[in-house]
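Accompanying notes for the structure given below.
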Amino acid sequence: MPASHPAESRSNAELIRANRGFYESLWSESKLIGPERFNTWPLLRELADAALRRLEVAPGLRPRLPLHGTCFVDLSHAALRRLQASGANAVHGMIGALPCASASFDLVCALDILEHVADDDGALAELARVAVPGASVLLSVPLHPAAWTAFDDFVGHCRRYEPERIVALLARHGFTIERSAVYGMQPKSSRLLGLGQWYLTHRRERAMWWYNRVFMPLGLRFQKPLRWREGLGDTDGVDELLLRCRYRPVATPSH
């Protein structure tokens, strides 16, 4: 997917409509899965224990930070209702305009979101605004525009990142990548992804039955432990990365 791919020319309003349409329907028919069931839990439990002020952006019904003691911000009203019913502090909002005070959080988690927004620069500026200096920030990003698939379009992605592009973008906002790990639960089979997309479009009720009762439980069961490496690491053939970053405010040039 070159920079001129049509997905990157979508307006923010178009992307919001596409994402709201897909995820509002998905979350209204899905169950909340606790953070302890994901392979991110060992790290995030450790980080959460050391951080009293925590934020997770766009968790849907797949939060990675502890439900209690974390502020969750999501666009989906269906997800918010389920989170709130589970005792979580969950509020409506978007990554480009977080309903949070500046310098409020020691730990920020924003997985599977940057690729969904037209203004990723503005999204990272918002994350930087609400983070305290020295905060830990967890992000995930899909890599390699050439690996673009119809499924990226279907789920409302706007882009995939060249590795050097995401490093430069993060650095511009004060985020340094400390460690990374290969990440994601998306099946590698393009045929299976295409079949799932067809069923979600044409046989949604049946597709959701299989998703909730078969594919999601299997995906959780067969997750591999995250293997962390320093910095960005080797990205050849890697579809998605989880990035553990440190936030240090970027000095404003004096005039």
Side-chain angles (χ1 to χ4, degrees), residues 19 23 26-27 30-76 78-95 98 100 104-117 123-124 126-127 130-131 135-142 155 157 166 170 175 177-186 211-212 215-228 238-247:
N19 282 290
Y23 286 100
L26 178 65
W27 299 141
S30 299
K31 297 178 180 179
L32 175 67
I33 297 177
E36 68 282 353
R37 298 188 63 188
F38 293 95
N39 61 0
T40 49
W41 182 239
L43 171 66
L44 288 176
R45 176 178 55 186
E46 177 186 339
L47 292 177
D49 285 345
L52 294 177
R53 301 174 296 172
R54 308 186 297 264
L55 170 69
E56 184 167 355
V57 182
L61 293 180
R62 308 291 181 256
R64 299 309 203 271
L65 288 178
L67 289 179
H68 299 285
T70 300
C71 176
F72 296 98
V73 176
D74 204 285
L75 183 63
S76 166
L80 291 173
R81 287 192 294 269
R82 300 283 180 85
L83 289 166
Q84 291 164 354
S86 299
N89 173 22
V91 297
H92 187 259
M94 296 184 294
I95 193 171
L98 294 170
C100 309
S104 296
F105 300 103
D106 309 297
L107 173 59
V108 177
C109 185
L111 306 186
D112 303 310
I113 180 62
L114 285 182
E115 63 270 29
H116 288 274
V117 297
L124 287 171
E126 270 293 271
L127 295 181
V130 301
S136 292
V137 179
L138 275 292
L139 303 166
S140 68
V141 292
V155 299
H157 287 177
I166 191 62
L170 290 170
F175 299 108
I177 300 172
E178 294 184 332
R179 304 176 76 191
S180 66
V182 177
Y183 176 70
M185 296 176 64
Q186 177 177 306
Y211 172 77
N212 284 313
F215 295 123
M216 193 66 196
L218 284 174
L220 290 167
R221 181 170 184 174
F222 290 104
Q223 290 177 103
K224 296 179 180 179
L226 293 172
R227 300 179 63 181
W228 293 96
V238 174
D239 184 73
E240 188 172 8
L241 276 182
L242 179 62
L243 307 175
R244 178 179 176 178
C245 304
R246 185 72 59 183
Y247 172 63

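- Looking at Arg45, Glu56, Arg54, Glu36 one by one, the single match for side-chain contact (heavy atoms from CB on, under 4.5 Å) with Pro66 turns out to be Arg54.
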Do Ser136 and Glu178 pass the side-chain contact (heavy atoms from CB on, under 4.5 Å) test, and can you show the C-alpha distance, the side-chain angles, and the key distance before you say yes or no? CA-CA 10 Å; Ser136 292; Glu178 294 184 332; 5.7 Å; no
Test log, rule side-chain contact (heavy atoms from CB on, under 4.5 Å), inputs Tyr247 and Val108: CA-CA 10 Å; Tyr247 172 63; Val108 177; over 6 Å; no
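- With a 4.5 Å cut-off on side-chain heavy atoms, Arg244 and Ser180 do not count as touching.
- Tested against Leu80, the residues Val73, Val91, Leu75, Asp74 include a single side-chain contact (heavy atoms from CB on, under 4.5 Å) partner, Asp74.
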Verdict with reasoning, Leu226 to Leu43, per side-chain contact (heavy atoms from CB on, under 4.5 Å): CA-CA 9 Å; Leu226 293 172; Leu43 171 66; 5.9 Å; no
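- Separation of atoms CG (Leu107) and CZ (Arg53) is listed at 11.5 Å; rounding is to 0.5 Å.
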Using the side-chain contact (heavy atoms from CB on, under 4.5 Å) rule, take Leu243 and Leu170 through it: C-alpha gap first, then chi angles, then the decisive distance, then the call. CA-CA 11 Å; Leu243 307 175; Leu170 290 170; 3.8 Å; yes
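- Here the closest heavy-atom approach between residue Cys109 and residue Arg64 is recorded as SG-CB, 4.4 Å.
- Proximity of Leu138 to Thr40: side-chain heavy atoms (C-beta onward) are nowhere separated by under 4.5 Å.
- Annotation: the span from Leu242 atom CG to Asn39 atom CG amounts to 8.5 Å, rounded to 0.5 Å.
- In this structure, Arg227 contributes its side chain and Pro225 its backbone to no donor-acceptor pair below 3.5 Å.
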